[in-house]
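Since the structure comes first, as structure tokens, the remarks are kept for the end.
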2 protein chains.
Amino acid sequence: MIRVLLAEDQDLVRGAMAALLSMEPDIEVVAEIDRGDEVLTAALQSQPDVALLDIEMPGVDGIAAAAALRGGLPQCRVLMLTTFGRPGYLRRAMSSGATGFMLKDAPAAELAVAIRRTARGERVLDPQLAAQALSDGDSPLSSREAEVLVSAVDGSSAADVARRLFLSEGTVRNHLSAAIQKLGARNRMEAARIAREKGWI
Amino acid sequence: MIRVLLAEDQDLVRGAMAALLSMEPDIEVVAEIDRGDEVLTAALQSQPDVALLDIEMPGVDGIAAAAALRGGLPQCRVLMLTTFGRPGYLRRAMSSGATGFMLKDAPAAELAVAIRRTARGERVLDPQLAAQALSDGDSPLSSREAEVLVSAVDGSSAADVARRLFLSEGTVRNHLSAAIQKLGARNRMEAARIAREKGWI
DNA sequence: ACTTTCAAGTGACCGATGTCACCTCGCAAA
DNA sequence: TTTGCGAGGTGACATCGGTCACTTGAAAGT
């Protein structure tokens, strides 16, 4: 029996996935949670073999949850699950200790197969996405540039961002300008869009 | 037996929902599709009693699919399903002929109940969201203002939008300015964010 | 010790953006 | 039929945003 922990914030989707897995004779869902920050405690209690983690979750995201899990329960493998095929997501998931990485638009029949492979410690990942992640390289943004960019995308002015991050307005504009150039964008919004698509912010 | 058509673009989620519904003795999934523009043809072929439509889909969205369905197969009821609890979504879904409206973070056990009620023609909707939709009122944006706003959110300059919509640059700026004021925003990005949250664009 | 790298800041420049006053035109309700 | 409204446009204005040159200080390689 493979013991599975299921972390996914949308109740309907989580319940449906549990139903899907309940049809497999060798898979048992031993825990269901809807927040990233409850993954570790639930895992310590239920001792799963595989944790199926969504990336987009309230609390902390699935990537941070995977890192916590590797620290607290290293024998538990992680299969990351996400809506968005962003190369940076895959990169960050892998370096936070995930064994597999699966997209939600993969065939439903693949899920059980992927779980079994993950339980055996085999790598599960989309070849296209892996190639993309390798060719894109790592994020060219410095941590400060990324921080300023995320803080500016919601329509805040440079002055707002400066107040929020305790910087001068000129510095904020300089960081944004650097980010815009590094990403080959024409303004902050385009830069944010590109960085989001790559999974860099 | 209630015959159900399932339209949802993410294969894994769709398969999982089909598994969830297959456990109900009185519900049968007679069609599964992943695009909005294939809903009508699939429905005409499979003659479902209830169409379960996701809003976010490639091709045409679930709201447009619902409208097409009401024209081509009026006896089929529509239960709309969506990730985002945006008041404008509910409003537009209802006026395009949906019988029910359900969020993906509703309890999984509710789905079958909602389908049965939809099949009987009863209204299914989240009271909170309905109240919100009523208190928000309809979109204050004129059709042109909304059009200009959606065309400007991706980081395009006013000149770009002007070229794309065959307008003068000044007119684009005027429309954006009107949208910004009507939504109580401070710039085009904030206006876009507000309009998106409400489901007005 | 020296160079490189990055965060941070300053001051200046110019184009883009948001606002306002005011214009025409077509259409629909009073 | 007049009145009002929205689409579309023009020109002017102040502010914001993106860029550049240059400086400082701290950390890390060589």
Side-chain angles (χ1 to χ4, degrees), chain A residues 88 91-92 95 136-201, chain B residues 88 91-92 95 136-201:
Chain A
R91 177 181 299 275
R92 280 154 56 201
S95 53
D136 277 353
D138 215 342
S139 170
L141 301 178
S142 74
S143 63
R144 216 44 170 161
E145 285 159 1
E147 192 178 1
V148 170
L149 190 55
V150 295
S151 183
V153 288
D154 61 353
S156 301
S157 70
D160 291 336
V161 177
R163 263 191 300 280
R164 215 176 307 159
L165 299 179
F166 304 103
L167 295 174
S168 93
E169 189 178 330
T171 302
V172 170
R173 292 221 300 270
N174 280 340
H175 281 313
L176 284 173
S177 182
I180 288 166
Q181 289 198 313
K182 284 180 179 177
L183 299 177
R186 276 160 46 197
N187 53 46
R188 56 180 72 182
M189 291 322 300
E190 225 174 60
R193 191 170 47 75
I194 293 170
R196 238 196 310 267
E197 276 168 14
K198 302 278 192 184
W200 289 335
I201 59 171
Chain B
R91 176 181 299 276
R92 279 154 56 201
S95 52
D136 275 354
D138 215 341
S139 171
L141 301 178
S142 74
S143 63
R144 215 45 169 157
E145 284 159 2
E147 192 178 0
V148 170
L149 190 54
V150 295
S151 183
V153 287
D154 62 353
S156 301
S157 70
D160 291 337
V161 177
R163 262 190 301 280
R164 215 175 309 159
L165 300 180
F166 305 103
L167 294 174
S168 92
E169 188 178 330
T171 303
V172 169
R173 292 222 300 273
N174 282 339
H175 281 314
L176 284 173
S177 183
I180 289 166
Q181 289 197 313
K182 283 180 178 178
L183 298 177
R186 276 160 44 198
N187 53 45
R188 55 179 73 183
M189 292 321 302
E190 224 174 62
R193 191 171 48 73
I194 294 171
R196 239 196 310 267
E197 277 168 14
K198 301 280 192 183
W200 289 335
I201 61 170

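Since we're looking at a predicted model, the values are computed, not measured. Sequence lines set the chain letters: A, B, ... in the order given, protein chains first and strands last, and positions in each chain run from 1.
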Phosphate contact ([N] OP1 or OP2) by [X] side-chain N/O below 4.0 Å:
X        : N      : result
A:Arg186 : D:dG18 : no
B:Ser157 : C:dA16 : no
B:Ser142 : D:dA7  : yes

Rounded off to whole Å, could you give me the [atom1]-to-[atom2] distance for the [X] and [N] pair?
X        : N      : atom1 : atom2 : result
B:Leu141 : D:dG6  : CG    : P     : 12 Å
B:Leu167 : D:dT10 : CG    : P     : 11 Å
A:Glu190 : C:dA16 : CD    : P     : 14 Å
A:Lys182 : D:dT19 : NZ    : C1'   : 16 Å
B:Phe166 : D:dA7  : CZ    : P     : 19 Å
B:Leu183 : C:dG18 : CG    : C1'   : 15 Å
A:Arg173 : D:dC20 : CZ    : P     : 14 Å
B:Leu176 : C:dT17 : CG    : P     : 9 Å

**Study point:** Donor-acceptor pair under 3.5 Å, A:Asn174 side chain vs C:dT10 base
**Key:**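 In this structure, the two groups form a donor-acceptor pair.
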Exercise for review: Output the distance between atom CD (B:Glu147) and atom CG (B:Leu167), rounded to the nearest 0.5 Å.
Suggested key: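 Reported to 0.5 Å precision, the distance equals 8.0 Å.
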Check your understanding: Going from CD1 on B:Ile201 to CG on B:Leu149, what distance comes out if it is rounded to the nearest 0.5 angstrom?
Key ->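 Here the rounded value is 5.0 Å.
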Exercise for review: Scan B:Arg173, B:Arg164, B:His175 and name whichever one has a side chain to side chain contact (heavy atoms under 4.5 Å, CB included) with B:Val148.
Suggested key: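 The side chain to side chain contact (heavy atoms under 4.5 Å, CB included) with B:Val148 is passed solely by B:His175 among B:Arg173, B:Arg164, B:His175.
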Review point. Any donor-acceptor pair under 3.5 Å linking the side chain of B:Glu190 with the backbone of B:Arg186?
Key: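 Flag set: sc B:Glu190 to bb B:Arg186 pair under 3.5 Å.
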**Study point:** Nearest listed nucleotide, side chain of A:His175, among D:dG18, C:dG9, C:dA7
**Key:**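 My answer, after comparing the listed nucleotides, is C:dA7.
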Check your understanding: Counting side-chain heavy atoms from CB outward, which of D:dA7, D:dG9, C:dT19 is closest to B:Ser168?
Key ->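 Out of D:dA7, D:dG9, C:dT19, the nucleotide with an atom closest to B:Ser168's side chain is D:dG9.
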Practice item. May I ask you to say what A:Thr171 touches in the nucleic acid, namely base, sugar-phosphate or nothing, with a heavy-atom cut-off under 4.0 Å? Key: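 Base: the residue A:Thr171, judged by heavy atoms under 4.0 Å, touches a nucleobase.
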Review point. When all nucleic acid strands are considered with a 4.0 Å heavy-atom cut-off, which category describes B:Arg144: base, sugar-phosphate, or nothing?
Key: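 The answer is sugar-phosphate, as B:Arg144 gets under 4.0 Å only of primed atoms, P, OP1 or OP2.
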Review point. Hey, which of these two, A:Gln181 or A:Ala159, hits DNA chain D nearer its 5' end, going by closest nucleotide?
Key: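 Its nearest nucleotide lies further toward 5', so the answer is A:Ala159.
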Exercise for review: On DNA chain D, check which nucleotide each of B:Glu169 and B:Ser143 is closest to and give me the residue with the more 5' one.
Suggested key: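 Mapping each residue to its closest nucleotide by heavy atoms, the 5'-most match is B:Ser143.
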Exercise for review: Taking atom types as modelled, find out whether B:Asn174 and B:Thr171 have a side-chain donor-acceptor pair closer than 3.5 angstrom.
Suggested key: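 No, B:Thr171 and B:Asn174 have no side-chain donor paired with an acceptor closer than 3.5 Å.
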